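Take a look at the structure below.
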Number of protein chains: 2
Amino acid sequence: MARDESGFSHPDEGTLSLEAIFHALSDPYRLRIVRALAASAVPMNCGDLSFGRPKSSMSHHFRILRAAGVLHTTSQGVEHMNSLRRDMLDRRFPGLMAAILGETGQSAAGDHPRRLTPA
Amino acid sequence: MARDESGFSHPDEGTLSLEAIFHALSDPYRLRIVRALAASAVPMNCGDLSFGRPKSSMSHHFRILRAAGVLHTTSQGVEHMNSLRRDMLDRRFPGLMAAILGETGQSAAGDHPRRLTPA
DNA sequence: TCATTTGTTCGATAAGAATGGAACTAATCC
DNA sequence: GGATTAGTTCCATTCTTATCGAACAAATGA
């Protein structure tokens with residue numbers, strides 16, 4: 001866990017814990033953040049990922065996602081830019097993010113129960 | 001969420017929530033239960049999955065895993081037999097369990113399942 | 001019927017996490 | 001310097017979760 005140039009501390013690959021990742025993803029706002037980042041081609045700042053909630057609350061959620069290794073934050077001017085640590089996660093837990101994001105061809109889509117034939 | 005013949009209530013496929021699943025998996029004992037079940041060819045009773053902890057504590061963990069849809073419990077005599085709801089989870093969130101259990105060929109080493117039976 | 005085994009439920013306590021206002025810091029621009 | 005913007009930190013409150021003993025319930029077997 002090294003403190004970056006930007007002043008944020010991010011865990012390194014070797015110290016990732018599945019439990020911490022699951023805890024990070026067990027909150028609805030945090031899951032929305034992850035999905036928004038996954039859908040975005042470019043890093044996003046915290047404001048754009050606030051969903052109308054208070055800054056202090058969201059700052060808390062960003063910290064947890066960072067600590068779990070799910071996202072990476074850097075300063076750019078006044079803003080803090082966030083991106084998924086997708087490469088690292090894919091190396092360490094192959095298939096996990098794809099499954100979460102429903103990138104399987106089949107579709108674990110969004111939590112919308114997929115209506116195939118009423119089985 | 002129907003209450004079974006056995007008296008346990010298990011959510012049905014359509015109502016599974018990723019958040020609940022993640023919460024269920026964010027506890028170390030619950031993750032051990034899941035891994036042990038995944039490694040076992042046959043259902044296991046609660047006692048065999050207690051890891052030396054008090055029954056009341058573990059009963060709580062089983063309830064959470066059941067409510068999240070991760071495992072299925074039935075009564076057999078005095079025992080409660082548990083198994084992973086692997087088929088359902090795989091349909092609804094393809095790849096998720098495989099990723100968690102490190103069944104990717106590569107390896108999510110570190111906190112991975114010990115492979116009892118050669119794949 | 002009584003005792004045993006297996007697990008659940010209850011209840012109290014303690015630990016942890018989420019929330020949001022207020023004060024604060026850092027970068028930028030005037 | 002002063003004002004603005006973007007987030008963080010601090011703090012108190014509230015909510016949720018974990019833990020585990022004790023009492024309980026169901027199935028089985030003597």
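The chains referred to below are lettered A, B, ... by the order of the sequence lines, with proteins before strands, and numbering in each begins at 1. Values in this document were obtained by computation on a predicted structure and should not be read as measured data.
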How far apart are the closest heavy atoms of B:Ala99 and A:Gly95, and which atoms are they?
CB-C, 3.6 Å
Report yes if the side chains of A:Leu18 and A:Leu96 come closer than 4.5 Å at any heavy-atom pair, otherwise no.
yes
Quick note, salt bridge (Lys or Arg N to Asp or Glu O under 4.0 Å) partners involving residues 69-89 of chain B, not counting sequence neighbours, are B:Arg86-B:Asp90, B:Arg86-B:Glu103
Strictly below 4.0 Å: does A:Ser57 bring a side-chain N or O up to OP1 or OP2 of C:dA18?
no
Whole-Å distance, A:Arg63 CZ to C:dG16 P, equals 14 Å
Base-pair map of DNA chain C as dot-bracket, where | denotes pairing with a different strand and pairs are Watson-Crick or G-U under 3.5 Å
||||||||||||||||||||||||||||||
Under 4.0 Å from OP1 or OP2 of C:dT19: is there any side-chain N or O of A:His61 that close?
yes
Taking only nitrogen or oxygen atoms into account, show me every contact under 3.5 Å that the protein makes with nucleotides 2-8 of chain D, one pair per line with its distance.
from  : atom 1 : to      : atom 2 : distance (Å)
D:dA6 : O4'    : A:Val78 : O      : 3.4
D:dG7 : OP1    : A:Cys46 : N      : 2.9
D:dG7 : OP2    : A:Gly47 : N      : 2.9
D:dG7 : O3'    : A:His80 : ND1    : 2.8
D:dG7 : N7     : A:Lys55 : NZ     : 2.3
D:dG7 : O6     : A:Lys55 : NZ     : 3.3
D:dT8 : OP1    : A:His80 : ND1    : 3.2
D:dT8 : OP2    : A:Ser59 : OG     : 2.6
D:dT8 : O5'    : A:Ser59 : OG     : 3.2

Applying side chain to side chain contact (heavy atoms under 4.5 Å, CB included), name anything that partners A:Ser56, two or more places apart in sequence or on another chain.
A:Pro54
Quick check on the hydrophobic clustering: are A:Leu89 and B:Leu101 connected, directly or via other members, by side-chain heavy-atom contacts under 4.5 Å?
yes
Any heavy-atom pair between the side chains of B:Asp27 and B:Leu31 that's under 4.5 Å?
no
Closest to the 5' end of DNA chain C, once A:Ile64 and A:Gln76 are matched to their nearest nucleotides, is A:Ile64
Just N and O in the side chain of B:Arg53: are any of them under 4.0 Å from OP1 or OP2 of D:dC20?
yes
What is the distance from CZ of A:Arg30 to C1' of C:dT19, rounded to the nearest Å?
12 Å
Which residue pairs satisfy the ring pair (Phe, Tyr, Trp, His ring centres under 6.0 Å) criterion with at least one member in residues 41-61 of chain A, sequence neighbours excluded?
none
If you look only at pairs with a residue in residues 22-49 of chain B, which of them pass as a ring pair (Phe, Tyr, Trp, His ring centres under 6.0 Å), with sequence neighbours excluded?
A:Phe22-B:Phe22
B:Phe51 atom CZ is separated from D:dA18 atom P, nearest whole Å, by 16 Å
Does B:His23 put a side-chain nitrogen or oxygen below 4.0 Å from OP1 or OP2 of D:dT16?
no
Round to a whole Å and report the spacing from CG of B:Asp27 to P of C:dG16.
13 Å
Atom pair distance, as rounded to whole Å: CG in B:Leu65 and P in D:dA18:
10 Å
If you apply the rule side chain to side chain contact (heavy atoms under 4.5 Å, CB included), what do you find for A:Leu71 with A:Phe62, and how did you get there?
CA-CA 8 Å; A:Leu71 59 77; A:Phe62 281 106; 4.1 Å; yes
